[in-house]
There are 2 protein chains.
Amino acid sequence: MKNTLSRRERVKLANRKAILSAAEEVFAQKGFYAATTDEIAERAEFSKGALYTYFRSKEEIFLSLMREKVGSLEKKIKESIKVTLNPIEGIENLIKAHLEFFEENKEFFQIMASERGRFEMGIKNRLRRELMRRFQSYLKEVEGVMKAAVDNKELKAIDPNHLAIALIGMIHSFTAQWILTGGESSLMELSPVITMLFFGGAKG
Amino acid sequence: MKNTLSRRERVKLANRKAILSAAEEVFAQKGFYAATTDEIAERAEFSKGALYTYFRSKEEIFLSLMREKVGSLEKKIKESIKVTLNPIEGIENLIKAHLEFFEENKEFFQIMASERGRFEMGIKNRLRRELMRRFQSYLKEVEGVMKAAVDNKELKAIDPNHLAIALIGMIHSFTAQWILTGGESSLMELSPVITMLFFGGAKG
DNA sequence: TCTAAAACTGACCAATTGGTCAAACATAAC
DNA sequence: GTTATGTTTGACCAATTGGTCAGTTTTAGA
């Protein structure tokens, strides 16, 4: 069973994905504002007019893309935590899951790093509100594991919010550096260093 | 003694600073591409034409601003390290210096966070090359303290580059969060948490 | 006060770009 | 083959914006 969609609907969906994928590259390379709908259309091998039958505006392309990516990041993180009841192991898995996700979604990471500070702009926009909601939800997820580990006395009695900020900061920093230096070697290889530094600190 | 500059020259210099300061706000709020020279001119209380007697292009405004800011960040970091010969204390001072600088230069931090991934664009540009050189130099400075501390056996035998990435990531992450939540309370207050987490890790 | 140079203004220009739409094309059912 | 419906095209439009420059104002020294 393919599924319940007609041929037409399946083609539409595949085209939509192709457009979002092209947009991801362009947004990552140029940033939201400097990216042009012409270039997105060209890379997706459609005319500009066709783009606008799939999405109502450039902003809708951007927000749809980000919403889907943030959603799947959150899903991946949730799953990585759920496989164990041990909070320490949960955090280890969470680090690995992040690195794996960013390695597979380099462009998304670049977009997020560059546009995160402007998510709040135009708060009235329905899609923007939903994007922010999902992003918050992802952060709360990380904070939740930290709280569990603190309650368990497995981590120091530090504000779980601070613990989450610290770990995410380290992960982002390593990922950004990995991208700047070409993104060739595997990002996952850094998982042990990050784990060790986060849990044990740098002092010898 | 005021200095050796004529009244005219002093006014010119002050105006230049005012333009850069206006540009800093606009670039921070809108990003490089979406910032308009009209808005920069308006905020600096000049006509657009006058802007172009101070700078040759929008890009030159941007790069001049960033070059000066990265330069003074590097200077501050260097000084914070130099006051002590003890590497651990040096790193503590470095954390404080970072937080102090970002607290006083919120806009610069926002610009850096959002445009860092595109510094490399147009590498042929002289100003761009110089900006990158200064930025590398700043990173090397941080790496240098880490290496000293590792050689001293005060930190674990970890690649100093990794140690620098981890610490800077934590600092950036806390700063970004502080800005997102309004930037009201003092960022410096977070210095003990960061210091403790970096040296001692999260494990209880 | 007079003058020449420096500084400033803002209308203007050319290029870019998000978005539209009438016409052309493709598809599928009969 | 015909027709109706859905899809695509790309020329086009209006708005925006980086940058210019002829003309005006300000400055400072004589």
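Chain letters run A, B, ... following the sequence lines, proteins first, then strands; residues in each count from 1. Scope of the values below: all heavy atoms of this structure, side chains included, with no hydrogens, waters or symmetry mates. Predicted model, so just to flag it, every value in this text is computed and none were measured.
Spacing between atom CZ of B:F46 and atom C1' of C:dT9 amounts to 12 Å, rounded to whole angstrom units. As a whole-Å value, the separation of B:E39 CD from D:dT16 C1' is 14 Å. Remark: P of D:dT8 and CD1 of A:I19 are 8 Å apart, rounded to the nearest angstrom. Note: CZ (B:R10) to P (C:dA6) measures 18 Å, nearest angstrom. To the nearest angstrom, C1' of C:dC8 lies 16 Å from CD of B:E42. The interatomic distance linking A:F27 (CZ) with C:dG18 (P) rounds to 9 Å, in whole Å. Rounded to whole Å, atom C1' of C:dG19 lies 11 Å from atom CD1 of A:I61. The nearest whole Å value for the distance from the CG atom in A:D38 to the P atom in D:dG10 is 12 Å.
Using a 4.0 Å heavy-atom criterion, one finds that A:K48 contacts the bases of the nucleic acid, with or without backbone contacts as well. No contact: B:F55 has no heavy atom under 4.0 Å from any strand. Looking at heavy-atom distances under 4.0 Å, B:A35 makes contact with sugar-phosphate atoms alone, never a base. At the heavy-atom level, B:T36 lies under 4.0 Å from the strands shown only through sugar-phosphate atoms.
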List the atom pairs, with distances to 0.1 Å, where a side-chain N or O of residues 186-201 of chain B and a protein N or O form a donor-acceptor pair under 3.5 Å, not counting sequence neighbours.
from	atom 1	to	atom 2	distance (Å)
B:S186	OG	B:E103	OE1	3.3
B:S186	OG	B:E103	OE2	3.4
B:S186	OG	B:M188	N	3.2
B:T195	OG1	B:S191	O	2.8

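Of the possible polar contacts, one joining the B:K58 side chain to the B:F32 backbone as a donor-acceptor pair under 3.5 Å is found. Judged purely by atom type and a 3.5 angstrom limit, B:S80 uses its side chain to pair as donor or acceptor with the backbone of B:I77. In terms of modelled atom types and a separation under 3.5 Å, the side chain of A:T84 and the main chain of A:G90 share no donor-acceptor contact.
OP1 or OP2 of C:dC8 lies within a sub-4.0 Å distance of a side-chain N or O belonging to B:Y54. Contact between the side-chain N/O atoms of B:T53 and the OP1/OP2 oxygens of C:dA7 is not found at any separation under 4.0 Å. A sub-4.0 Å separation between OP1 or OP2 of C:dT17 and a side-chain N or O of B:Y33 is present. The side chain of A:S47 places no N or O atom within less than 4.0 Å of a non-bridging phosphate oxygen (OP1 or OP2) of D:dT8. Distances shown here put a side-chain N or O of B:N15 below 4.0 Å from the OP1 or OP2 atom of C:dC8.
For B:Y52, whose side chain is taken as the heavy atoms from C-beta onward, the closest listed nucleotide among C:dT20, D:dG19, D:dT8 is D:dG19. The side chain of B:T37 lies closest to D:dG18, out of C:dC8, D:dG18, D:dT8.
Residue order along DNA chain C, read from the 5' end via each residue's closest nucleotide, puts A:A34 first among A:G49 and A:A34.
A:S137 meets the side-chain contact (heavy atoms from CB on, under 4.5 Å) test with A:E74; sequence neighbours excluded.
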